[in-house]
**Student:** 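Pasting a structure below so you can have a look.
The figures here come from the full heavy-atom set of this structure, side chains too, leaving out hydrogens, waters and symmetry mates. Both counts, for ligands and for their atoms, begin at 1 and track the order of listing.
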Amino acid sequence: MIKAAVIGDPIGHSKSPLIHGYWIEKYGLEGSYEAIQVSSNALKEKVKSLVDQGYTGFNVTIPHKEAIMALCDEVDATALAIGAVNAVTIQDGFVTGYNTDAFGFIENILQARPGFDFEKGPAFVLGAGGAARAVIYGLLKAGAPHVILTNRTTGKADELKAEYGAALEVVDWQEKENHLANANICVNTTSLGMKSKPELEINLENLPRDALVSDIVYAPLETTLLKSAKSLGNPTVSGIGMLLHQARPAFEKWFGVMPEVTTELQDLVLK
Ligand code: ATR
């Protein structure tokens, strides 16, 4: 019996039990996946107890994605570069941390737009938070020649610039529209446009009409950003796929099956 879980605080809203539970059933596996609420001051003890209880692994969500790194015996290169761990395996008591968000982001785009050429031109990224770190890593790994980054708080974008150097160009949030002209892909990684959050205000007219526009916000599924991109004739990819695809490599590590994202699963998660 394989035991897996997601830990976070709060955890009630997590879609991970639904996603992994769907795959456990679909592939007829002997296993469980549960949501466990763990506060920051209980994290260390809880990880130890999951190891002692024979868990095969677990996902890590807000607010533990950074703190978990110090509790892993090993953190893989991708997670180290992104600076966060969202999935853990436990093998004979040895805890390894991974980050599957960059994979989820890129895979979502490639499944929605097969053959999309990341190398064709620079990527334009809005936001410099945790999600942006995975998206930027994924874009550069996939071959984007460089990333043009804009964030309301310039200091946070500058921190990323210090890590990535010439591969990253920081532009002013107030003047973002002036830097869209060469973009091959435009990605929103901010929380703007999410249900109950303010709208993302950006005029996409300067963007080449064949540039792909993608949002990591998936509630609503079609954000105002995606709507306005569509109305200008740009191709778009919604954010729900990133959530679904980031779950796949972790499931494979624990259960030995690389699961598929189906429309049935997507509908279930969006319900
Ligand atoms: P996540 O881990 O989901 O990326 P985060 O680390 O809190 O969450 O990052 C949220 C992102 O949304 C940041 O880029 C944030 O900009 P700041 O760095 O300036 O805070 C952006 N964001 C949130 N609310 C915003 C707003 N009202 N206007 C502009 N950007 C906003």
Side-chain angles (χ1 to χ4, degrees), residues 6-16 40 43 59-69 78-87 97-106 108 123-140 147-164 168-180 185-204 213-221 223-226 228 237-247 269:
V6 56
I7 62 168
D9 186 21
I11 200 63
H13 68 284
S14 173
K15 302 286 187 191
S16 294
S40 290
L43 182 63
N59 281 122
V60 183
T61 189
I62 289 166
H64 305 316
K65 284 183 171 192
E66 284 107 33
I68 190 74
M69 295 177 82
T78 300
L80 273 178
I82 294 171
V85 157
N86 74 335
Y98 302 89
N99 188 306
T100 65
D101 284 331
F103 169 89
F105 171 70
I106 297 296
N108 178 35
F124 188 90
V125 174
L126 296 136
R133 298 187 68 92
V135 166
I136 292 166
Y137 178 87
L139 287 165
L140 290 172
V147 169
I148 303 164
L149 178 65
T150 189
N151 192 52
R152 174 182 61 176
T153 309
T154 312
K156 268 166 81 181
D158 289 340
E159 279 171 30
L160 282 161
K161 168 77 185 166
E163 282 176 41
Y164 282 102
L168 209 142
E169 178 192 354
V170 176
V171 301
D172 201 280
W173 180 256
Q174 302 304 334
E175 290 167 20
K176 48 187 171 308
E177 279 91 353
N178 298 340
H179 300 273
L180 292 171
I185 176 169
C186 171
V187 188
N188 174 41
T189 76
T190 74
S191 48
L192 296 172
M194 204 182 277
K195 221 167 24 193
S196 82
K197 292 274 164 72
E199 279 300 344
L200 169 60
E201 280 167 34
I202 182 167
N203 182 335
L204 298 175
V213 178
S214 153
D215 205 327
I216 67 155
V217 171
Y218 60 85
L221 185 58
T223 58
T224 304
L225 174 72
L226 297 182
S228 56
V237 175
S238 71
I240 186 67
M242 178 176 176
L243 172 73
L244 301 174
H245 284 286
Q246 64 76 29
V269 169

**Student:** Check step by step if side-chain hydrogen bond (donor to acceptor under 3.5 Å, both in side chains) holds for Asp215 and Thr223.
**Tutor:** CA-CA 8 Å; Asp215 205 327; Thr223 58; 2.7 Å; yes

**Student:** Among Ala132, Ala128, Gly129, which one has a heavy atom closest to atom 9 (O) of ligand 1?
**Tutor:**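 Nearest option to atom 9 (O) of ligand 1, by heavy atoms: Gly129.
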
**Student:** Any protein heavy atom sitting closer than 4.0 Å to atom 7 (O) of ligand 1?
**Tutor:**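 Protein heavy atom within 4.0 Å of atom 7 (O) of ligand 1: absent.
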
**Student:** Counting only heavy atoms not in Ile62, do more than 12 fall under 6.0 Å of its CD1?
**Tutor:**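 Count not over threshold, so no.
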
**Student:** Can you tell which of Asn99, Asn86, Asn59 makes a side chain to side chain donor-acceptor pair (under 3.5 Å) with Gln246?
**Tutor:**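 Among Asn99, Asn86, Asn59, the one that satisfies the side chain to side chain donor-acceptor pair (under 3.5 Å) with Gln246 is Asn86.
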
**Student:** As an exercise, identify every atom of ligand 1 less than 4.0 angstrom from a heavy atom of Ala131.
**Tutor:**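 Once the distances to Ala131 are compared, the set is 1 (P), 2 (O), 4 (O).
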
**Student:** For atom 12 (O) of ligand 1, which candidate among Leu200, Thr190, Thr154, Leu192 provides the closest heavy atom?
**Tutor:**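 It is Thr190 whose heavy atom sits nearest to atom 12 (O) of ligand 1.
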
**Student:** Tell me which protein heavy atom sits closest to atom 20 (O) of ligand 1, plus the residue, atom name and distance to 0.1 Å.
**Tutor:**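 For atom 20 (O) of ligand 1, the nearest protein heavy atom comes out as Arg152 NH2, 2.8 Å.
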
**Student:** So, for atom 23 (C) of ligand 1, does the protein have a heavy atom nearer than 4.0 Å?
**Tutor:**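 Given the 4.0 Å limit, the answer for atom 23 (C) of ligand 1 is yes, a protein heavy atom qualifies.
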
**Student:** List ligand 1 atoms under 4.0 Å from Trp173, heavy atoms only on the residue side.
**Tutor:**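 Result: 29 (C).
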
**Student:** Counting heavy atoms not belonging to Glu199, are there more than 12 under 6.0 Å from its CD?
**Tutor:**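 Yes, because the 6.0 Å sphere around CD of Glu199 holds more than 12 heavy atoms from other groups.
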
**Student:** Suppose I only count heavy atoms of Gly127 and a 4.0 Å limit; which atoms of ligand 1 are within that range?
**Tutor:**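 Checking each atom against Gly127, I get 14 (O).
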
**Student:** Could you tell me whether Lys156 approaches ligand 1 through its side chain, its backbone, both or neither, with non-hydrogen atoms closer than 4.0 Å?
**Tutor:**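 The part of Lys156 near ligand 1 is the side chain, not the backbone.
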
**Student:** Could you check which of Asn188, Asp101, Asn151 puts a non-hydrogen atom nearest to atom 15 (C) of ligand 1?
**Tutor:**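 Nearest heavy atom to atom 15 (C) of ligand 1 lies in Asn151.
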
